[in-house]
Undergrad: 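Handing you this structure, nothing more for now.
Every number for a ligand or one of its atoms is a count from 1 in the order of the listing. FYI, the numbering just counts along the sequence from 1.
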Amino acid sequence: MARPKSVLVGEVGPRDGLQIERDFIPTSTKIELIDGLIDAGVKEIEYSSFVSPRAVPQLADAAEVLAGLTRSKPVHLVALVPNAKGAERAVEAGVDELRVFVSSSESHNQKNVNRSVEDSLVGFENVLRIAHQSGTPVSGAIATSFGCPFEGDVPVEQVGRIAKRFADLGMVGVGLGDTTGMATPLLVAERCNHLKTVVPDLPITLHFHNTRGIGLANVMAGLDEGIDRYESSFAGLGGCPFAPGATGNICTEDLVFLLHELGIETGIDLEKLCAVARRVEDVVGRTLPGQVMKAGPRLQLSDMEQVATAVG
Ligand code: COA
Ligand code: ZN
């Protein structure tokens with residue numbers, strides 16, 4: 001299958017990344033980072049979540065962040081919601097899209113949202129009803145789509161069944177989340193092909209973590225299947241507080257660098273994006289995994305005078 005000519009890069013750092021930070025990041029700092037992403041040309045941002053503030057205190061300011069954004073360019077702002085209460089809060093705040101989430105495995109769903117997979121799916125009916133009253137689209141994400149930290153391999157049919165329920169409920173897209181970095185290129189190809197048969201009209205988004213260092217190899221596998229939507233996090237920040245060993249998402253600047261070098265358009269200004277990623281490092285106060293933000297563009301040349309010459 002031909003690789004896509006352009007790709008929608010969905011930035012999830014403000015949600016998937018910041019949610020694990022222990023110290024509360026001021027609302028104004030979140031606004032500054034998200035406005036920086038918008039200015040860099042990022043078209044879709046999962047910018048926060050309307051979950052229980054007791055479960056994720058860092059994102060308790062989701063409504064205030066949205067109200068404070070300048071939005072210098074067109075952008076689609078998505079919020080994660082776990083239930084009807086989250087949907088009501090998100091619709092009232094005026095988000096562009098709601099995203100519900102369920103794990104493909106029972107044990108991770110219990111840890112994450114304290115209920116069975118079936119109860120989550122039934123609960124989404126209320127979310128969709130609330131969203132549709134205000135004309136807000138809803139998409140669905142399937143966590144642990146490539147394997148579960150508690151159960152191991154997840155049969156592809158289990159992922160397909162959930163995606164089919166999403167389609168039947170009227171959702172606008174399905175995301176396959178690799179919550180703990182268990183995806184491999186072969187699994188990516190298998191899962192994408194299965195979904196293309198089960199839900200041919202539902203756009204697929206791939207959401208990888210770089211836990212085992214092959215996040216961008218998985219992106220290559222997705223591109224070869226024609227998938228044109230990927231999610232990543234600025235500076236590679238990320239993790240899931242409800243899954244052991246969940247480390248950073250794939251890094252947005254590194255993903256954009258790869259896509260541009262493949263001749264695939266994203267509409268994103270890589271230098272501006274790197275500046276935002278370096279600011280994220282300042283904000284969290286530690287070195288983050290992103291590599292292009294440190295190395296610079298491929299043709300950023302070094303000054304020979306500044307580099308020592310080997311002797312002998
Ligand atoms: N927004 C704000 N508050 C919420 C809420 C929401 N979306 N959903 C529930 N609450 C509140 C309830 O009002 C209730 O408050 P009270 O005790 O003051 O009355 C309390 O949270 C418990 O509600 P309950 O429905 O019993 O939920 P729970 O304790 O079973 O928790 C979730 C379920 C889904 C709300 C919670 O586990 C959660 O928010 N998880 C988020 C997980 C997450 O963000 N994971 C990262 C994505 S991978
Ligand atoms: Zn994630």
Undergrad: Can you run down the salt bridge (Lys or Arg N to Asp or Glu O under 4.0 Å) pairs that involve residues 112-127, sequence neighbours left out, and say none if there aren't any?
TA: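 For residues 112-127, and leaving out neighbouring residues, the salt bridge (Lys or Arg N to Asp or Glu O under 4.0 Å) pairs sorted by first residue read Glu118-Arg165.
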Undergrad: Short list, please: which atoms of ligand 1 are under 4.0 Å from a heavy atom of Pro53?
TA: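 Contacts of ligand 1 toward Pro53, numbered from 1: 2 (C), 3 (N).
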Undergrad: Which pairs pass salt bridge (Lys or Arg N to Asp or Glu O under 4.0 Å) with one or both residues in residues 285-297, sequence neighbours excluded?
TA: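 Sorted pair list: Glu21-Arg286.
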Undergrad: Using heavy atoms and a threshold below 4.0 Å, how should the contact between Arg15 and ligand 1 be classified: side chain, backbone, both, or neither?
TA: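 The answer is the side chain.
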Undergrad: With heavy atoms under 4.0 Å as the rule, classify the contact between Asn83 and ligand 1 as side chain, backbone, both or neither.
TA: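 The answer is the side chain of Asn83.
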Undergrad: Less than 3.5 Å apart, any donor N or O on the side chain of Ser107 or Glu151 sitting next to an acceptor on the other?
TA: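 A donor-acceptor contact under 3.5 Å links the two side chains.
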Undergrad: Which of the N/O/S atoms in His209 sits closest to the Zn ion (ligand 2)?
TA: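 Looking only at N, O and S atoms of His209, the one nearest the Zn ion (ligand 2) is named NE2.
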Undergrad: Atom 34 (C) of ligand 1: which of Gly177, Pro82, Ser103 has the nearest heavy atom?
TA: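 It is Pro82 that holds the nearest heavy atom.
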Undergrad: Under 4.5 Å between side-chain heavy atoms, counting indirect links through other Ile/Leu/Val/Met/Phe/Trp/Tyr residues: same cluster for Val172 and Leu202 or not?
TA: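 Unlinked, Val172 and Leu202 end up in two clusters.
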Undergrad: Nearest 0.5 Å, please: how far is OG in Ser105 from CG in Asp153?
TA: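 Result: 11.5 Å between the selected atoms.
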Undergrad: Answer yes or no as to whether an N/O/S atom of Asp16 is found below 2.8 Å from the Zn ion (ligand 2).
TA: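 Within the cut-off used here (under 2.8 Å), Asp16 does place an N, O or S atom near the Zn ion (ligand 2).
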Undergrad: In this structure, does ligand 1 have an atom that sits under 4.0 Å from one of the heavy atoms of Leu59?
TA: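 The answer is no: ligand 1 sits nowhere under 4.0 Å from a heavy atom of Leu59.
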Undergrad: Do you see a donor-acceptor pair shorter than 3.5 Å between the side chains of Asn109 and Ser120?
TA: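 Yes.
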Undergrad: If you measure from atom 37 (O) of ligand 1 to every heavy atom of Asn112, Val51, Thr144, Val56, which option wins on shortest distance?
TA: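 The option holding the nearest heavy atom is Asn112.
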Undergrad: Using a 4.0 Å cutoff against the non-hydrogen atoms of Arg115, which atoms of ligand 1 qualify?
TA: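 Atoms satisfying the 4.0 Å criterion: 33 (C), 34 (C).
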Undergrad: Nearest 0.5 Å please: distance from the CZ atom of Phe208 over to the CD1 atom of Ile214.
TA: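 Phe208 atom CZ to Ile214 atom CD1 measures 9.0 Å (nearest 0.5 Å).
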Undergrad: With heavy atoms under 4.0 Å as the rule, classify the contact between Ala55 and ligand 1 as side chain, backbone, both or neither.
TA: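 The answer is the side chain of Ala55.
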Undergrad: Please list, in number order, the atoms of ligand 1 under 4.0 Å from a heavy atom of Phe50.
TA: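 Answer for ligand 1: 1 (N), 6 (C), 7 (N).
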Undergrad: Consider every N or O of Arg54 and every N or O of ligand 1, then say whether any pair is closer than 3.5 Å.
TA: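 The answer is yes, given that Arg54 and ligand 1 share an N or O pair closer than 3.5 Å.
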Undergrad: Output yes when the distance from some N or O of ligand 1 to some N or O of Gly86 is under 3.5 Å, and no in every other case.
TA: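 There is such a contact, yes.
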Undergrad: Using a 4.0 Å cut-off to any heavy atom of Leu80, which atoms of ligand 1 qualify?
TA: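 In order of numbering, the contacting atoms are 47 (C).
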Undergrad: Taking atom types as modelled, find out whether Thr180 and Thr211 have a side-chain donor-acceptor pair closer than 3.5 angstrom.
TA: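 No, no side-chain donor-acceptor contact under 3.5 Å.
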Undergrad: Look at the rings of His207 and His209 and say which category their plane angle falls in: under 30° parallel, 30 to 60° tilted, over 60° perpendicular.
TA: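 It falls in the tilted class, 30° to 60°.
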Undergrad: Closest to the Zn ion (ligand 2), which N/O/S atom of His207 is it?
TA: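 This turns out to be NE2.
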Undergrad: For the residue pair Asn218 and Leu206, establish whether any side-chain heavy-atom pair is separated by less than 4.5 Å.
TA: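 The answer is no, as the side chains (C-beta and beyond) never meet within the 4.5 Å cut-off.
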Undergrad: Could you establish whether Ser49 and ligand 1 come within less than 4.0 Å of each other, counting only heavy atoms on the residue side?
TA: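 No.
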Undergrad: Is it the case that ligand 1 has an N or O less than 3.5 angstrom from some N or O of Gln19?
TA: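 Looking only at distances, the answer is no, because the N/O contact criterion of under 3.5 Å is not met.
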Undergrad: Is a donor from one side chain sitting under 3.5 angstrom from an acceptor on the other, for Ser134 and Thr136?
TA: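 Per modelled atom types, Ser134 and Thr136 side chains form a pair under 3.5 Å.
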